[in-house]
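Read the structure below first, then the notes.
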2 protein chains.
Amino acid sequence: MKESELNGSEMIESDLEDAEVKESERPYQKMLDSFREGILSGRLRPGDRLEPERELASRLGISRNSVREGLRALELIGLVSSRQGSGNFVSVNFDGTMTDMLTAMYYLKGLNEEQVTEFRFCLEWEAMHLAVERAEKEQKQRALEALRMLEEATTEDERIRYDKAIHEAMVEASHNDFLITNYRALTSFMDTYFKSMRRRIIQGMESRHELEMSHRLLAEGMAEGNLVKGLRGLRSHFEFIERYK
Amino acid sequence: MKESELNGSEMIESDLEDAEVKESERPYQKMLDSFREGILSGRLRPGDRLEPERELASRLGISRNSVREGLRALELIGLVSSRQGSGNFVSVNFDGTMTDMLTAMYYLKGLNEEQVTEFRFCLEWEAMHLAVERAEKEQKQRALEALRMLEEATTEDERIRYDKAIHEAMVEASHNDFLITNYRALTSFMDTYFKSMRRRIIQGMESRHELEMSHRLLAEGMAEGNLVKGLRGLRSHFEFIERYK
DNA sequence: AGAAATTTGTTCGTATGTATA
DNA sequence: TTATACATACGAACAAATTTC
């Protein structure tokens, strides 16, 4: 509508209007810009309710359909959650999007297991450095408890579960949300599309009791604040992956 | 919202309805599922054109507006690009979304510069390991050329530019798209919201000629395939950041 | 407890701009 | 240049869930 007006007018004006035209890109982009501004300014905080869709539409000068396109996009990336009859709310929920993105990268960019492992190692390596400094008691206990369960485990599924739990506790203990979010997305992706790999590794390790050894170093190193020990466990774990992938 | 349905109805039914509930999700979710299926099955490849919106709508049994909500969401995360009059195309373009997510994490989760630096270090540390093994001639040359320009640079803006170029070449040389995408998003985020930090670091380094020293080690280490040298440069760089952040 | 108001969920119809053969 | 196919965008309407009084 507005576009037709602009296109209908002479080109000479368009330069002058550039700033305005830029502003009035796609309608749903306006919605996104408005949201971004709210976040960056601190006006919008997690849990806050957005204006009603109709209000947003009229304030931004776009249709409700366009507002909704923006809302759905924000919902998809985990920044908004919509409740029928109630409203749209600011939310912070990136895990799903991250997983989707890593998954899409894997499939669309033709990646392979090696790159996944490299990335995972990258995250865990740094996480260990931070974890030995920052781990809370709860996280240390969780790691040690999972280690105990791992050593007592009798089935493969149990081993997989406690293996994961140890790594998760360690990464969480890093208290770095960039690492944590990426790591969660990566493991979630692996759980869904990579199950066989984790199984092969566990199987290979089991036969040689290297699983317990590396995880003992890893969990205890973190719990004791012993970086060298923790890293040795990590390295031994990934050397194993390298061999059995 | 779906939870409320399930909680409201009896649990006995929910099992039976599971399949049907799955079928009758939200309309725009159907659109996303259809897309996901296409990607995972390999039927949809980057560059491919999607069915026309009307066709999708009728095939999935939803309205065009709902299709469009899904399409806009996919466009936002960089998986679809829409061209009016032409169609919707599969695209692979995560950089913007990644940046948005890191930005949102920073603001909504109350992160700080320290966590950003930790994550950046994490990515670069692993990237260096891979880069010394995999760097192509072009990437080595680009790093060395940027180093030369950095040492000849006279303005702060130039220093910032060539500093960035060296790191970028190194990360790209890792040939790991998980690292690369995260790194690009991180630098893009820093460029937009963190300009002052990079400037402070450059300024601090300038006075002591440590900028050139660490980047020389970094660039040459990578170009020569000398891991120890490269890591020394990286460490010295980040020690500086630690001091001047 | 119940009715009314509010708000999102979803669809349809229509007009219009844009690319392509 | 003209069709045709397609995306863009809006507005109106009703359904469904929630909140409010």
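Reckoned from all heavy atoms, side chains included, excluding hydrogens, waters and symmetry mates.
One atom, CZ of B:Arg26, and another, P of D:dA16, lie 15 Å apart when rounded to the nearest Å. Rounding to whole angstrom units, CG of residue B:Leu60 and C1' of C:dT10 are separated by 15 Å. A straight line from CE of B:Met31 to C1' of C:dG9 spans 18 Å, rounded to a whole angstrom. D:dA12 atom P lies 17 Å from atom CZ of A:Arg68, rounded to whole Å. What separates CZ of A:Arg49 from P of D:dA17 is a distance of 18 Å, to the nearest Å. Atom CZ in B:Arg54 sits about 13 Å away from atom P in C:dC12, given to the nearest Å. With rounding to whole Å, B:Glu69 atom CD is found 9 Å from C:dT11 atom P. In this structure, B:Leu50 atom CG and D:dA7 atom C1' are separated by 13 Å, rounded to whole Å.
Looking at A:Gln84, its side chain has no donor and acceptor atom pair within 3.5 Å of the base of C:dG9.
Using a 4.0 Å heavy-atom cutoff across all strands shown, A:Glu53 reaches sugar-phosphate atoms only and no base atom. Within the nucleic acid shown, B:Ile62 comes within 4.0 Å of sugar-phosphate atoms alone, with no base atom in reach, counting heavy atoms only.
DNA chain D is contacted by both A:Gly85 and A:Tyr28; A:Tyr28 maps to the nucleotide lying nearer its 5′ end (nearest heavy atom per residue).
When the side-chain nitrogen and oxygen atoms of B:Ser66 are compared with OP1 and OP2 of C:dT11, one or more of them lie within a distance under 4.0 Å. Between A:Asn65 and D:dG11 there is no side-chain N or O to OP1 or OP2 distance below 4.0 Å. Of the side-chain N and O atoms in A:Arg64, none sit less than 4.0 angstrom from OP1 or OP2 of D:dC10. Regarding contacts with the backbone of C:dG9, every side-chain N or O of A:Arg83 stays at 4.0 angstrom or more from both OP1 and OP2. Note on B:Ser86: every side-chain N or O is 4.0 Å or more away from OP1 and OP2 of D:dA7.
Remark: the backbone N or O of A:Arg83 is not paired with any side-chain donor or acceptor of A:Ser86 at under 3.5 angstrom.
For the salt bridge (charged side-chain N to carboxylate O under 4.0 Å, His left out) with A:Glu53, the qualifying choice from A:Arg59, A:Arg68, A:Arg72 is A:Arg68, the only one to do so.
A:Phe178 has its ring centre no less than 6.0 Å from the ring centre of B:Tyr106.
The environment of A:Glu133 atom CD is sparse: at most 12 non-hydrogen atoms of other residues, nucleotides or ligands sit within 6.0 angstrom.
Out of C:dC12, C:dT7, D:dC6, the shortest distance to the side chain of A:Pro52 is found at C:dT7.
No cation-pi contact links B:Arg120 to B:Tyr183, judged by a cut-off of 6.0 Å to the six-membered ring centre and 45° from its axis.
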